[in-house]
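Have a look at the structure below before the remarks.
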There are 2 protein chains.
Amino acid sequence: MLFSTKAEYGVRLMVELGRQPGSAPISLNAVAEAERLPLSYLEHLVAKLRKAGLVTSTRGAHGGYRLARPADEITMDAVVEALEGQIAPMECFHETPEGKVLCSHEDDGDRSCSTKLLWTRVQGGVTKALAGTTLAELVEFSSPGGRSEAAIASAA
Amino acid sequence: MLFSTKAEYGVRLMVELGRQPGSAPISLNAVAEAERLPLSYLEHLVAKLRKAGLVTSTRGAHGGYRLARPADEITMDAVVEALEGQIAPMECFHETPEGKVLCSHEDDGDRSCSTKLLWTRVQGGVTKALAGTTLAELVEFSSPGGRSEAAIASAA
DNA sequence: GCATAACCGACCACTCCAGTAGGATTTAGG
DNA sequence: CCTAAATCCTACTGGAGTGGTCGGTTATGC
């Protein structure tokens, strides 16, 4: 598996929040029941989403969570990265702050890493798919009158 | 990490085999020393590659491994899949023998899975990158007079 | 027949995953 | 003010997968 259930559950959580357009916050309990997911586990996930600035919370009775931004301004690379950590295809694969790609097998004077080409392409494919999908799309897709399956293919 | 070192080591192994154009088999020991990888661990990996029909082996003294096909006829999706198992972005993501994508959250009468759109796109991006890269490319890229870094970007 | 190699299976330490548990804190409503 | 509802926080745990190691068996060239 490329991703664990953290991403799976977390994305579902975000979709659930995006489904309600009202300004009232939604309790985790409501999300847990709607998606049939364990509440106590969702707590861990939503904490990551909050720390990443993707959702806001209001405490106390009638509290809950809201999207921090409109759903069409939330791309899924931010969501998945908040939940799973940095998305790299491989352990040896690091990204410098300037966005340059490094492989730890290169900088020790060795010949250039034979697998770098492959992992770079893979990462490109994943990030393009994630960054090219907004939460709004998922909300629309999952709603009863949502778009057809044909929409799945289009990644651009 | 999307992939473990099994894919990393296994791909290196394949590149090493592809580097020698001679017909003589290459011993695992030679590969292990060239790439500084533990021999006994490589044994497990090469077994998977052999079972997948990607390499052939000859036993006994002066034995070793060869690519089962020319390097430009080996695409990396087969290699990675042999090493890591079926490449699915998510546990709930199954592919039927006919190539149809199923999500286990759909077939129990539920509404269509809200995350299917996303994971389908991600998988598409990954498989496109893997299937669009041949072993021959990696061999050429890693050789001393190999192609420039500019080649990394091109995924088509 | 001996060194060299592929093969095979058992084992092991470690880490991460998925989830539970228990409590502390905050807040709306009565 | 009290209480129920909710977020928040930390610690713990069983299980699975990772990244190896080890010992032994079989096959083969010299």
Side-chain angles (χ1 to χ4, degrees), chain A residues 1-13 17 23-52 54-66 68 80 83-92, chain B residues 1-13 16-17 23-52 54-68 80 83-92:
Chain A
M1 296 315 127
L2 300 182
F3 298 115
S4 68
T5 63
K6 282 191 292 205
E8 171 74 15
Y9 293 179
V11 170
R12 299 181 111 77
L13 199 166
L17 294 188
S23 62
I26 304 164
S27 77
L28 257 199
N29 213 323
V31 174
E33 285 182 2
E35 297 283 344
R36 294 209 200 96
L37 299 173
L39 168 64
S40 44
Y41 190 42
L42 282 185
E43 286 185 0
H44 292 296
L45 305 183
V46 81
K48 299 187 183 206
L49 294 171
R50 187 172 51 83
K51 279 166 192 161
L54 292 166
V55 303
T56 59
S57 64
T58 58
R59 305 185 62 168
H62 300 106
Y65 296 91
R66 286 188 215 85
V80 172
L83 294 160
E84 299 270 351
Q86 274 239 347
I87 299 167
M90 198 57 57
E91 192 62 49
C92 63
Chain B
M1 297 316 127
L2 300 182
F3 298 116
S4 68
T5 62
K6 283 192 293 213
E8 171 75 15
Y9 293 0
V11 170
R12 299 180 110 77
L13 199 164
E16 202 66 28
L17 294 187
S23 62
I26 303 166
S27 76
L28 257 201
N29 214 323
V31 175
E33 284 182 3
E35 297 284 343
R36 296 209 200 96
L37 299 174
L39 167 64
S40 44
Y41 189 43
L42 282 185
E43 285 184 359
H44 293 296
L45 304 183
V46 82
K48 299 188 181 203
L49 294 171
R50 187 174 50 85
K51 281 167 190 160
L54 292 166
V55 303
T56 60
S57 65
T58 58
R59 304 184 61 165
H62 301 106
Y65 296 92
R66 284 189 217 83
L67 297 181
V80 172
L83 294 160
E84 298 270 351
Q86 274 239 348
I87 298 168
M90 197 58 55
E91 191 63 50
C92 63

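Throughout, a chain's letter reflects where its sequence line sits, starting with A, and its residues are numbered from 1.
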Taking only residues two or more places apart in sequence, or in another chain, which ones meet A:Leu2 in a side chain to side chain contact (heavy atoms under 4.5 Å, CB included)?
B:Leu2, B:Phe3, B:Ile87, B:Pro89, B:Val122, B:Val126

Where along nucleotides 22-30 of chain C does protein come under 4.0 Å, by heavy atom, of base (B) or sugar-phosphate alone (S), with - for untouched nucleotides?
---BBBSS-

Go through the structure and list residues passing side chain to side chain contact (heavy atoms under 4.5 Å, CB included) with B:Ala47, not counting sequence neighbours.
none

With sequence neighbours excluded, what pairs up with B:Tyr65 under the ring-ring contact (aromatic ring centres under 6.0 Å, His included) test?
none

Hits for side chain to side chain contact (heavy atoms under 4.5 Å, CB included) against A:Arg59, two or more places apart or cross-chain, chain-then-number order -> none

Which protein N or O atoms sit under 3.5 Å from an N or O of nucleotides 15-17 of chain C?
residue : atom : partner : partner atom : Å
C:dC17  : OP2  : A:Lys6  : NZ           : 3.0

Sorted by chain and residue number, the side-chain hydrogen bond (donor to acceptor under 3.5 Å, both in side chains) partners of B:Ser4 (sequence neighbours excluded) come out as B:Glu84

Counterpart residues, side-chain hydrogen bond (donor to acceptor under 3.5 Å, both in side chains), relative to B:Ser40 (two or more places apart)
none

Which is true for A:Phe3 with a 4.0 Å heavy-atom rule: it touches a base, it touches only sugar-phosphate, or it touches nothing?
nothing

Base, sugar-phosphate, or nothing for A:Ser40, non-hydrogen atoms under 4.0 angstrom?
base

Residues two or more places apart in sequence or in another chain: which of them pass side chain to side chain contact (heavy atoms under 4.5 Å, CB included) with A:Ala30?
A:Ile26, A:Ser27

Chain B on DNA chain D: first and last contacting nucleotide, 5' to 3', under 4.0 Å to a heavy atom?
D:dT18 to D:dC30

